[in-house]
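Take a look at the structure below.
Order of the sequence lines fixes the chain letters, A, B, ..., with proteins taken first and strands second; residue numbering starts at 1 for each chain. Computed over heavy atoms, backbone and side chain alike; hydrogens, waters and symmetry mates excluded.
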2 protein chains.
Amino acid sequence: MSHLGYGCLMTVDREQVLRSAATLLSRRATATMDEVAKAAGIGRATLHRHFAGRDALVRALEELGLREFEAAVESARLHEGDPADALRRLVTASTPATGLLGFLISENQLFEGEHVNEGWDRLDARIAALFRRGQEEGGFRVDLSASWLAEALYGLISAGAWSVHSGRLAANDYQYMTTELLLGGCTRRSVKE
Amino acid sequence: MSHLGYGCLMTVDREQVLRSAATLLSRRATATMDEVAKAAGIGRATLHRHFAGRDALVRALEELGLREFEAAVESARLHEGDPADALRRLVTASTPATGLLGFLISENQLFEGEHVNEGWDRLDARIAALFRRGQEEGGFRVDLSASWLAEALYGLISAGAWSVHSGRLAANDYQYMTTELLLGGCTRRSVKE
DNA sequence: CCCAAATGAGACATGAATGTCTCACCACTG
DNA sequence: CAGTGGTGAGACATTCATGTCTCATTTGGG
């Protein structure tokens, strides 16, 4: 039973499989189960033993990504201290999940009519609230809507994840490049022009 | 012969089909040809008459998106005047193509090993050159690499396209939100802190 | 050393999407 | 008022990914 995850010697690392799957699927969503398996370095049969099917795989991806991002949001304590610092903490804490997030962000219509993960909406609201707080406390510009800033954050995370994976951006630079660009864009200028 | 495109009364608007296909596929890349057809408001048979198959459809998408983006880059005259203004012109000129770009940006591994569109690389280089020029002329910060700024631009275009399509961002605000965030992030501060 | 558990490779059946075709219908043309 | 060209709907065969299974092999534990 590798059911609850870690441990269980000799068994496939479920999370590792999901991470490589996310990386592959985020840039070629039509990839075959066989390709997903190969990308994870396992056999297709084994992949099927862990995930009943493609749907189950994608749902597991959603779940893990959401769980990790939620943990990141939690640990970043968005409501405390300087909003800019809170944003930095968020980017730092979510760094390990960028691969999964890249997938969830770009493919966000995974299951047709389905009530788009309420969990995601909740996190989205908390992040937008951070930007709103920054605006109210005077540090962030108010001419860029909080919800747009949240969307921009997702876009930059996604772009950063891909840049790192494709070798155009050093992994060590990811956090700085992302936070600086976003903060630079949403911080109010001390002086006009 | 609707071969060369526009005109031809009574015939399906090829570009319109491609645009709606891009919008759909960018958020659910596994969508069926039938769904693509319905999204475009035409029958599956008609879709097949215009595009030999799924591959042909995607390639046509690539082609049109690249062509439109190239035209935008061209008309923006990136090497002239203030780099910030050039960037504004680019965002403005590329606005009609955001739907297509959103697809091409997120799904950029469309055909396995294939030489990633050299056309795209060329445009990418020109855009990175714009940011580099901005850095050399002193207007843009140099601690964010030009290639990262280019990637960030793509990410923001993609995020903006989706925000507009999903109703979270007014179409009229798209250009302002995108350019202001990016320019705010890459412009050097007149005063420290 | 032997057993249990998990894996990889492959064969196989199934099903869904694909691609092709026919036919009736409508719009515009001459 | 035919005639032409494009279309939608549906039937159909086919392909290919999927999902299930078996079996040999490897790995780690008792």
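Closest to the side chain of A:Ile42, out of C:dG8, D:dT7, C:dT20, is C:dG8. The side chain of B:Arg44 approaches C:dT20 more closely than any other nucleotide in the set C:dC21, D:dC21, C:dT20. Candidate nucleotides D:dT20, C:dG19, C:dA17 were compared by shortest atom distance to the side chain of B:Thr32, and C:dA17 ranks first.
Between the CG atom of B:Asp34 and the P atom of C:dG19 there is a distance of 13 Å, given to the nearest Å. Residue A:Asp13 contributes atom CG, which lies 11 Å from atom P of C:dT7 at whole-angstrom precision. Rounding to whole angstrom units, NE2 of residue B:His48 and C1' of D:dG6 are separated by 17 Å. Summarising the geometry, the separation between CG on A:Leu47 and P on C:dA9 is reported as 13 Å, rounded to the nearest angstrom. To the nearest angstrom, P of D:dT7 lies 12 Å from CZ of B:Arg14. For the pair B:Leu57 CG and C:dG19 C1', the interatomic distance rounds to 14 Å; values are reported in whole Å. Rounded to whole angstrom, the span from the CE atom of A:Met33 across to the P atom of C:dG15 amounts to 18 Å. Whole-Å rounding puts the A:Asp55 CG to D:dA17 P distance at 17 Å.
Scored by the side chain to side chain contact (heavy atoms under 4.5 Å, CB included) test, A:Arg77 finds A:Glu80, A:Arg89 as partners (sequence neighbours excluded). Considering only residues two or more places apart in sequence or on other chains, A:Gln175 meets the side chain to side chain donor-acceptor pair (under 3.5 Å) condition with A:Thr92, A:Thr95.
OP1 and OP2 of C:dA6 both lie 4.0 Å or more from every side-chain N or O belonging to A:His50. Applying the 4.0 Å criterion to OP1 and OP2 of D:dT7, one finds that B:Thr46 has every side-chain N and O outside that range.
Classification of A:Glu74 and A:Arg67 as a salt-bridged pair fails, no side-chain N sitting under 4.0 Å from a carboxylate O.
With rounding to the nearest 0.5 Å, the separation of CD1 in B:Ile105 from CZ in A:Arg27 is 9.0 Å.
The aromatic rings of B:Tyr154 and B:Phe69 sit perpendicular to each other, their planes meeting at more than 60°, with 30° as the lower class boundary.
Across all strands, A:Arg54 comes closer than 4.0 Å only to sugar-phosphate atoms, never to a base (heavy-atom distances). Using a 4.0 Å heavy-atom cutoff across all strands shown, B:Arg49 reaches at least one base atom of the nucleic acid.
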